Peer 1: 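Below you'll find the structure I mean.
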Number of protein chains: 2
Amino acid sequence: MDKTIGIFGGGQLGRMMAQAALPLNIQCVFYEANTDCPSAALGPIFSSKDNCLKSFIQSADVFSLEFENTPLNEVDTLLADEKNIHPPRTALAIAQNRLSEKNLFKRLDIPVAPFLAVDNLEDIHSAVDKLGLPIVLKTAMGGYDGKGQFVLRSEDQILQAWDELGDAKHLIAESFVEFSREVSIIAVRGQDGDVKTWPLAENHHHQGILSHSIVPAPNSDDLQPIAQEYITRLLNHLDYVGVLTLELFVTPQGLYANEMAPRVHNSGHWSIEGAICSQFENHIRAVAGLPLGSTAFISPTVMINIIGKHPNIADVLSLEGVHLHLYNKSERAGRKLGHITLMPKDPTQLTTLCQKLAKILPEPLALTEDMTI
Amino acid sequence: MDKTIGIFGGGQLGRMMAQAALPLNIQCVFYEANTDCPSAALGPIFSSKDNCLKSFIQSADVFSLEFENTPLNEVDTLLADEKNIHPPRTALAIAQNRLSEKNLFKRLDIPVAPFLAVDNLEDIHSAVDKLGLPIVLKTAMGGYDGKGQFVLRSEDQILQAWDELGDAKHLIAESFVEFSREVSIIAVRGQDGDVKTWPLAENHHHQGILSHSIVPAPNSDDLQPIAQEYITRLLNHLDYVGVLTLELFVTPQGLYANEMAPRVHNSGHWSIEGAICSQFENHIRAVAGLPLGSTAFISPTVMINIIGKHPNIADVLSLEGVHLHLYNKSERAGRKLGHITLMPKDPTQLTTLCQKLAKILPEPLALTEDMTI
């Protein structure tokens, strides 16, 4: 192998990064609590339970992550060893704190919903006064897939909200944004500063979990250059290397930034088949200091998550233009077990394919039998 | 994992099969002399040097191969254990003997150049009388990449030819076919008898080694249905399961079958990016008893072999629409170290890309700076 990349985390994102790295003669190694994780098929797992951080750091030339809550003190340990990590520590620290993140968006003139810091019960009352109702309360740190959030619709919910989230101590209160849809932009920046951006994905959720993404997002020609401009500002400001994701709301007032993820993203899984170069390969290329590949899309795609239960594999594969990606995980409610990318030779078949798939999947989430794309 | 497939051989073909198997939750294990082989990154290697055949057989649910010279007695051992192998033993036995292979082609009305069995020096004289000159002498068993062949152009070469090849005892003498180009057809047959065929590849060689393949083969609309008919006859006659390759010569008299390979093939590597479902994934699907994927091509491609020496990776990746596949092999003259698939978003850029690549590759083989596709 030419190079070894150490990845913090060993889930499906690490698995797909390592799959993209292999044909470039790049080996991945992982730092992860569970040695039986999805990435284990592709490289050694250094157990974070067994205090293997030092040997993990020694085992690789350069580092990255698949998990934005990678502890900063672990990153500091590798930096002290004069090893590099991409994306940079700063980007990680900011992404781990919703308040720092929103402040950065503001500083870079990326529109966000009005927000306030909330550290106690009194601050919630004050936020309601200043921002009006409804507001969304979120823990500043931690929380994902809709966890660690409370939508406050009336003042008599304030106590309940504090009861649920107050333990986190630092919260953020955001004006509730009336949005027509959620989109995400994914971009990659190389070590030479080259930036490439994939087309916008339109994301559909079910109970806080991503159900499916449509790429390119329908009717997004006007939005694409704006979203590209926002994410490029972030990448350059942070002197970022690797893949960055920015989730945005489409509102009557234009695009509002929701949050960023300093890593490859579920809404970019379509790019394995749908783009000339996938988010996984380009992330690996960036981390390894190689030139970036084209992010142009090949054909319109829909990416659907497999959640909680596995479908009948033969039923799924019998559909034309289906790409199945399983993560070798056991079934559990709400768990991402795999994804399916639909890329029929004839893109007008996408709606029909989605409808057929909705009948096959045990948990179709927001996919419906009468949907049209 | 849902299923384990045992592969005879652990080279790059096994590596790419295992890469295709992983997203289907299918694990591959390998039987191979060299435990440091290209497939080792993707699954355990059972060493054929250490008498590990029994444990290899116990470790998998079903078997396949990446090496057509897999010893038949090893296949018999697994069959005696009531395990299955795809493709079937018969197909393997026929493909291991050029004479049996040519006889099968004749029996199925697949045109071949006139041929005769040669077991001694006298048979060569007789073949020259009956077939005329030039003739091609080949060992009936063994030999690949142009090895084990002798082109006999005049009678005074007969002794030299016998001297070089006679040790093999069983030879075949074939009329020299005047062909304009070589093409190959790759098809897959599922356990339910479903047959799917990829577009014809036009193959260019340099000193007996495949240099590059152009897919679809230019001006092949008339040839495609004929080649499909031939390979379908073979697949059905052999009750074949998995991927089969048939190499054909384009002659003024039409297509002549040259040889078949009972496995995925170098001229099908383009299908990883260029087809909806690759030869590797469809082979795995067939062996695992799953429905086959579409073999339709997405966009015209050129696949180029990296032989002997590695190019500068950054130079290669800086070209737009390049897909690099390295096999983690050390450099050695004539050795296949990897391949590159060119699939630019704009297919009219293929010629330009090939020309650029010819300047970058240390061993461009038949790729030239003034080529046009």
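Naming: A, B, ... by sequence-line order, numbering from 1 per chain. Note that this is a predicted model, so its numbers are computed, not measured.
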Peer 1: Could you tell me which portion of A:V316 (side chain, backbone, both or neither) has an atom closer than 4.5 angstrom to a non-hydrogen atom of chain B?
Peer 2: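 It is neither, since no heavy atom gets under 4.5 Å.
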
Peer 1: Please list every donor-acceptor pair under 3.5 Å in which a side-chain atom of residues 339-348 of chain A meets a protein atom from a residue at least two apart or in another chain.
Peer 2:
residue, atom, partner, partner atom, Å
A:H339, ND1, A:Y327, OH, 2.7
A:K345, NZ, B:F297, O, 2.3
A:D346, OD1, A:T348, N, 3.0
A:D346, OD1, A:T348, OG1, 2.7
A:D346, OD2, A:T348, OG1, 2.9

Peer 1: Please flag which part of A:I298 lies under 4.5 Å from any non-hydrogen atom of chain B: side chain, backbone, both or neither.
Peer 2: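 Both backbone and side chain of A:I298 come within 4.5 Å of chain B.
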
Peer 1: Does any heavy atom of chain A fall under 4.5 Å from the side chain of B:L317, the backbone, both, or neither of them?
Peer 2: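 Its backbone and side chain both get close to chain A.
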
Peer 1: Counting only heavy atoms closer than 4.5 Å, note whether B:L319 contacts chain A via side chain, backbone, both or neither.
Peer 2: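 Answer is neither: B:L319 stays 4.5 Å or more from chain A.
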
Peer 1: Using 4.0 Å as the upper bound for N to carboxylate O, is an ion pair formed by B:R335 and B:E331?
Peer 2: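 No, no charged N to carboxylate O under 4.0 Å.
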
Peer 1: With a 6.0 Å cut-off on the ring centroids, do A:F56 and A:F63 count as close?
Peer 2: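 Between A:F63 and A:F56, which both carry aromatic rings, the centre distance is below 6.0 Å.
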
Peer 1: Is it the side chain or the backbone of B:E320 that comes within 4.5 Å of chain A heavy atoms, both, or neither?
Peer 2: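 Only the side chain of B:E320 comes within 4.5 Å of chain A.
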
Peer 1: For a quick test of reading the model, state the closest non-hydrogen atom pair linking B:I373 to B:I214 and the distance between them.
Peer 2: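 Looking at all heavy atoms of both residues, the shortest contact is CG2-CG2, 3.8 Å.
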
Peer 1: Please confirm whether A:H269 and A:F280 have ring centers closer than 6.0 angstrom.
Peer 2: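 Under 6.0 Å, so yes.
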
